[in-house]
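Positions are given from 1 along the sequence. Every heavy atom of this structure was used, including side-chain atoms; hydrogens, water molecules and symmetry mates were not. Only a predicted model underlies this, so the values are computations on that prediction, with no experimental measurement involved.
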Amino acid sequence: MANIELLRKKIDNGDNSLFRSLYGSDPAVLKEQAVSYESLMNRFNSLYKNTGNPVLFSSPGRTEIGGNHTDHNLGRVLAGSVSLDNIAVAAKNNSDVIRIDSAGYPAFEVDCPDTSPRESEKYTSAALVRGMAAGLRNAGYRCEGFDAC
């Protein structure tokens, strides 16, 4: 897949300015992160025969030292950053279906036009994604399908 190959070249074993800004300058850490991204891209490539333009994402980790789950109930949280992140690769798939494969969780699909809650999905990642798709649609945005790992 040519688009994944472009991402691999940009990562260049972690030897690039973006990786250094995310992970510091330790060559061992940069190489370790590059291996993680490579593994993720291989997983994406094996699951999805996607011809879109895949994009890499990194979301910083945090830990809640005090006030866990009070922030979304109008409370306060004392949080600290950690040197871990969540990484993902995703690409539009030119359909109305969101397909997500996440390490440690069952893979699932959500049909964007069908955002009604399902009892069988209660407390699952699919329910969260279906709810976000419903929120986007209710706010007047268009929800489109994508593949993600």
Side-chain angles (χ1 to χ4, degrees), residues 1-64 68-69 71-73 77 79 81-149:
M1 174 181 299
N3 295 323
I4 287 288
E5 290 307 317
L6 288 174
L7 289 176
R8 285 188 176 111
K9 286 180 183 178
K10 286 181 180 180
I11 288 174
D12 191 25
N13 289 317
D15 187 22
N16 65 54
S17 61
L18 181 57
F19 262 49
R20 283 190 295 278
S21 70
L22 285 172
Y23 303 113
S25 59
D26 182 336
V29 171
L30 294 172
K31 177 67 176 170
E32 181 182 329
Q33 291 300 329
V35 167
S36 294
Y37 279 82
E38 179 73 22
S39 175
L40 178 67
M41 290 184 295
N42 288 340
R43 177 86 179 150
F44 180 88
N45 204 31
S46 72
L47 289 173
Y48 309 116
K49 301 307 176 209
N50 193 303
T51 58
N53 293 314
V55 179
L56 294 172
F57 297 90
S58 169
S59 175
R62 79 175 202 174
T63 183
E64 292 176 349
N68 188 24
H69 295 293
D71 53 345
H72 48 116
N73 290 306
V77 172
S81 64
V82 296
S83 61
L84 298 171
D85 60 348
N86 293 300
I87 61 173
V89 60
K92 290 173 61 172
N93 62 22
N94 300 318
S95 77
D96 287 330
V97 178
I98 297 170
R99 293 186 285 258
I100 299 177
D101 180 76
S102 184
Y105 296 90
F108 65 91
E109 294 184 2
V110 170
D111 188 10
C112 291
D114 180 12
T115 57
S116 57
R118 296 182 179 178
E119 188 64 31
S120 64
E121 290 179 347
K122 199 170 187 177
Y123 306 116
T124 68
S125 298
L128 290 171
V129 171
R130 192 176 301 282
M132 287 186 281
L136 288 169
R137 289 183 62 209
N138 291 342
Y141 294 98
R142 185 171 164 206
C143 180
E144 295 180 3
F146 61 88
D147 299 328
C149 272

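Panel note: side chain Arg130, backbone Asp114; a donor-acceptor pair is recorded below 3.5 Å. A donor-acceptor distance shorter than 3.5 angstrom exists from the side chain of Asn16 to the backbone of Ile11, with no hydrogens or angles considered. When atom types are taken as modelled, the side chain of Ser21 and the backbone of Leu18 share a donor-acceptor pair closer than 3.5 angstrom.
Ile100 has its side chain out of reach of Ser125: every pair of non-hydrogen atoms, C-beta onward, lies at least 4.5 Å apart. Side-chain atoms of Val35 and Lys31, non-hydrogen and from C-beta on, do get closer than 4.5 Å to each other. Contact annotation: the side chain of Tyr37 approaches that of Leu56 to within less than 4.5 Å [non-hydrogen atoms, C-beta and beyond]. Between Asp101 and Tyr48, the closest side-chain pair of non-hydrogen atoms falls below 4.5 Å.
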Point to revise | Intermediate values then yes/no, side chain to side chain contact (heavy atoms under 4.5 Å, CB included), Arg8 and Asn42 | key: CA-CA 10 Å; Arg8 285 188 176 111; Asn42 288 340; 2.2 Å; yes
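The structure places CE of Met41 at 6.0 Å from CG of Leu7, a figure rounded to the nearest 0.5 Å. To the nearest 0.5 Å, the span separating CZ on Arg142 from CG on Leu136 amounts to 12.5 Å. Here the CZ-CZ distance, from Arg99 to Phe146, works out to 10.5 Å after rounding to the nearest 0.5 Å. Interatomic distance, CG of Asp96 versus CD of Glu144, reported as 8.0 Å (0.5 Å rounding).
Closest approach of Val110 to Ala126, counting heavy atoms only: CG2-O, 3.8 Å. Residues Ile98 and Cys143 share a closest heavy-atom pair of CD1-SG, 4.0 Å. Across every non-hydrogen atom of Cys149 and Arg43, the tightest pair is SG-CG, 3.7 Å.
The ring-ring contact (aromatic ring centres under 6.0 Å, His included) contacts involving residues 112-133 comprise nothing, where partners must be two or more places apart or lie in separate chains.
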For residues 82-90, dump all side-chain donor-acceptor pairs below 3.5 Å to protein atoms at least two apart in sequence or in another chain.
unit_1 : atom_1 : unit_2 : atom_2 : d
Asp85  : OD2    : Tyr23  : OH     : 2.4
Asp85  : OD2    : Ser58  : OG     : 2.6

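More than 12 heavy atoms of other residues, nucleotides or ligands sit less than 6.0 Å from atom CZ of Phe57.
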